[in-house]
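Right, one structure below, let's go through it.
The chains referred to below are lettered A, B, ... by the order of the sequence lines, with proteins before strands, and numbering in each begins at 1.
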Amino acid sequence: MAKRYWLMKTEPDVFSIRDLKARPGKTEAWNGVRNYTARNHMRDLMSVGDGVLFYHSSVTPAGVAGLAVVAKKAYPDPTAMDPKSEYFDAKAKPGINPWVMVDVKFQQEFPALVTLDQMKQTPGLEGIMVTRKGMRLSVQPVTAEEFAIVAKLGGG
DNA sequence: GCCAACGTTGGC
DNA sequence: GCCAACGTTGGC
C-alpha cells in the first residue's frame with residue numbers, strides 16, 4: 001500500500017512529543033481515540049511507515065511539534081474495556097471492542113513549533129484540514145505535499 | 001430515520 | 001472562560 005500522511009492531535013499536557021521521545025523504543029500506543037472518523041482512518045487506512053505530523057492542541061500557540069511514523073498497524077485499544085480508564089466505553093466488550101489504536105514512533109522534534117497561524121499563512125497549505133475553523137477531528141489525512149511543506153517549515 | 005438537545009473540542 | 005462547530009444520543 002502506498003505511503004500515506006497524517007496529522008495526529010494530542011494535548012501536550014497529557015502526552016507531548018517529548019513524552020514520545022522518552023518512551024522505550026521512542027514508541028507509544030495511540031490509545032483513547034473515541035471518534036469514528038478518526039478510528040476509521042487508523043483502522044482502514046494507516047499502515048506501518050506512514051508519516052505523522054505530531055500536533056499539540058489546546059495550548060497557545062497550537063501547532064505541529066515534530067514528526068513521527070506509524071510503527072504498528074491498528075489493533076484493539078484495551079483502555080476501552082478498562083472501567084478504571086478515562087477512555088472506558090461501556091459499548092466495548094471482548095470481541096466487539098469498536099476502538100483501535102496504532103503505535104507511533106518518534107522521528108524528530110522541531111526546533112520551534114510550526115504554529116496554526118503560520119500554517120494559515122503558508123502557500124501550499126490552503127487545503128490542510130487543521131486550519132479549518134471548527135475542525136476537531138483528531139486524526140486527519142494530509143497530502144504528501146502538505147507533509148513536506150510542514151516538515152520544511154519545522155526545519156525537518 | 002429525523003432532528004433537537006446535549007456534550008465535547010479546541011482556538012481564541 | 002467563552003462559544004462556535006460538530007458528533008452523538010435518544011425521543012418520537
* Work out which heavy atom in A:Thr79 is nearest to a heavy atom in A:Arg34; give both atom names and the distance. => OG1-NH2, 3.0 Å
* Would you check if the side chain of A:Gln140 reaches a backbone N or O of A:Val130 as a donor-acceptor pair within less than 3.5 Å? => yes
* Using the C1' atoms of five pairs at each end, what's the angle between the two axes of the helix from B:dG1-C:dC12 to B:dC12-C:dG1, to 10 degrees? -> 10°
* Do side-chain atoms of A:Asn40 reach the backbone of A:Thr37 as a donor and acceptor pair under 3.5 angstrom? -> no
* **Donor-acceptor pair, side chain of A:Gln121 and main chain of A:Met119, under 3.5 angstrom** => no
* Measure from the side-chain N and O atoms of A:Asp77 to the backbone N and O of A:Met101, and report whether any donor-acceptor pair falls under 3.5 Å. => no
* To do: Identify the heavy atoms of A:Asp50 and A:Ala2 that sit nearest to each other, and give their distance.
  => OD1-O, 4.4 Å
* Asked: Between atom CG of A:Asp103 and atom NZ of A:Lys73, what is the distance when rounded to the nearest 0.5 Å?
  -> 11.5 Å
* To do: Give the ring-plane orientation class for A:Phe147 versus A:Tyr5, where under 30° counts as parallel, over 60° as perpendicular and anything between as tilted.
  => tilted
* Exam field: side chain A:Arg39 to backbone A:Pro98, donor-acceptor pair closer than 3.5 Å -> yes
* To do: Tell me, please, the opening and closing nucleotides of DNA chain B, 5' to 3', among those with an atom under 4.0 angstrom from a non-hydrogen atom of chain A.
  => B:dG7 to B:dC12
* Asked: Heavy atom of residues 114-122 of chain A under 4.0 Å from DNA chain C: which residues?
  -> none
* Close aromatic pair by centroid cut-off 6.0 Å: A:Trp99 and A:Tyr36 -> yes
